[in-house]
Amino acid sequence: VLLKSDVRLSKFLSKVLRHKPEMVGLELDQNGWVDVEQLLTACRNHGVPMDRTVFERIVATNEKQRFALSEDGQKIRANQGHSIAVDLNLKPVQPPDRLYHGTAERFLHSIRQKGLVKVKRHHVHLSGDPDVARKVGSRHGKPVILVVLAKEMHKEGYAFFRSANGVWLTDHVPVRYLKER
Ligand code: HQG
């Protein structure tokens, strides 16, 4: 079962591991990892107690598999979505023909001029699934799904990456590779 408090804790972990480790006095290593014991202690010291069982449940049941444990289980990191500099060692891979980006209607004017830009994150986030893209877009307002001509971009030299939890990533999508459906 996914408890409501789990969702809150999961969001808190995302914030610490992607954006603001300093809010609990932590630093991530250059690849984004942090020691699990240190993380739990730091969270406890900053008023967010989380025991091992709860922590392990949150990581294991996360519906987007947002977190990864190291092989020895001692360290954890976020799989994607960082705004701070970490090197996830992602290798360029061949994308499918088409990928999808969910955005909000109010961003379209600017997107039509600049294409998709990464704003605060490391990459522009894309999905292989238009339904997922719609959900991502809904977070920002009335959702719009854009089609990205990924194969064509790739052929013309743009690199694509795929995070451990299946999110497609690229640096910038110029307007000429975007289609409004
Ligand atoms: C928009 C979630 C104006 C872009 C999701 C988006 C994802 C522009 C917003 C992950 C623009 C940035 C990332 C331009 C792009 N002008 N607006 N030229 N180019 N935008 O949150 O893709 O649940 O940084 O369309 O599932 O919404 O957190 O990116 O609306 O994978 O795990 O600028 O976050 O994952 O917003 O979401 P975000 P996103 P989690």
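Atoms within each ligand, like the ligands themselves, are counted from 1 in listed order.
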Among non-hydrogen protein atoms, atom 22 (O) of ligand 1 lies closest to H101 CE1, 3.6 Å

For the residue pair W168 and F160, categorise the inter-ring angle as parallel (less than 30°), tilted (30 to 60°) or perpendicular (more than 60°). perpendicular

Starting from atom 29 (O) of ligand 1, locate the nearest protein heavy atom and write down its residue, its atom name and how far away it is, to 0.1 Å. R121 NE, 3.8 Å

Does ligand 1 come near enough to V117 that some N or O of the ligand is less than 3.5 Å from an N or O of the residue? yes

Measuring from atom CG of L13 to atom SG of C43, what distance do you get when rounded to the nearest 0.5 angstrom? 6.0 Å

Contact region, R18 to ligand 1, non-hydrogen atoms below 4.0 Å, reads side chain

Geometry only, no angles: is K118 polar-contacting ligand 1 at N/O separations under 3.5 Å? no

Look at atom 6 (C) of ligand 1 and say which protein heavy atom is nearest, naming residue and atom and giving the distance to 0.1 Å. H140 NE2, 3.8 Å

Go through the steps to decide whether S163 and N165 satisfy the test side-chain hydrogen bond (donor to acceptor under 3.5 Å, both in side chains), and finish with yes or no. CA-CA 5 Å; S163 70; N165 61 337; 2.5 Å; yes

Using a 4.0 Å heavy-atom cut-off, which part of V119 comes near ligand 1: side chain, backbone, both, or neither? side chain

Atom 18 (N) of ligand 1: which protein heavy atom is closest, and how many Å away? G115 O, 2.8 Å

Does a side-chain heavy-atom distance below 4.5 Å link R77 with L88? yes

Out of all atoms in ligand 1, which are within 4.0 Å of some heavy atom of K114? Include the element for each. 18 (N)

Location of contacts on K135 toward ligand 1, heavy atoms closer than 4.0 Å: neither

Would you say S127 contacts ligand 1, with heavy atoms under 4.0 Å as the rule? no

Residue and atom name of the nearest protein heavy atom (relative to atom 7 (C) of ligand 1), distance in Å to one decimal: H125 ND1, 3.6 Å

Numbering as shown, the atoms of ligand 1 that approach K64 to under 4.0 Å (heavy-atom distance): 2 (C), 5 (C), 23 (O), 26 (O), 32 (O), 35 (O), 40 (P)

Decide yes or no for H140 and T103: does some side-chain heavy atom of the first lie under 4.5 Å from some side-chain heavy atom of the second? no

So does G73 get a backbone contact from the side chain of K75, meaning a donor-acceptor N/O pair under 3.5 Å? no

Ion pair present between R112 and E180, side-chain N to carboxylate O less than 4.0 angstrom? yes

Examine ligand 1 and decide if any of its atoms is less than 4.0 Å from a heavy atom belonging to K120. no

Where is the tightest heavy-atom contact between L99 and A150, given as atom of each residue plus distance? CD1-CB, 3.8 Å

Distance from atom 3 (C) of ligand 1 to nearest protein heavy atom, with residue and atom: S110 OG, 3.3 Å

So, is L116 polar-close to ligand 1, with some N/O to N/O distance under 3.5 Å? no

Give a yes or no on this: more than 12 heavy atoms of other residues, nucleotides or ligands lie within 6.0 Å of atom CD of Q113. yes

Distance under 4.0 Å to a non-hydrogen atom of V136: what atoms of ligand 1 satisfy this? 5 (C), 22 (O), 26 (O), 27 (O), 37 (O), 39 (P)

Provide, to 0.1 Å, the distance between atom 8 (C) of ligand 1 and the closest protein heavy atom, together with that atom's residue and name. I111 CG1, 3.8 Å

Atom 37 (O) of ligand 1 sits nearest the protein heavy atom R139 NH1, 3.2 Å

Counting only heavy atoms closer than 4.0 Å, does ligand 1 sit against the backbone of R66, its side chain, both, or neither? side chain

Nearest 0.5 Å please: distance from the NZ atom of K20 over to the CG atom of L26. 14.0 Å

SB check E156 K151 (cutoff 4.0 Å): no

Could you go step by step and tell me if N62 and S10 meet the side-chain hydrogen bond (donor to acceptor under 3.5 Å, both in side chains) rule? CA-CA 8 Å; N62 189 274; S10 163; 3.1 Å; yes

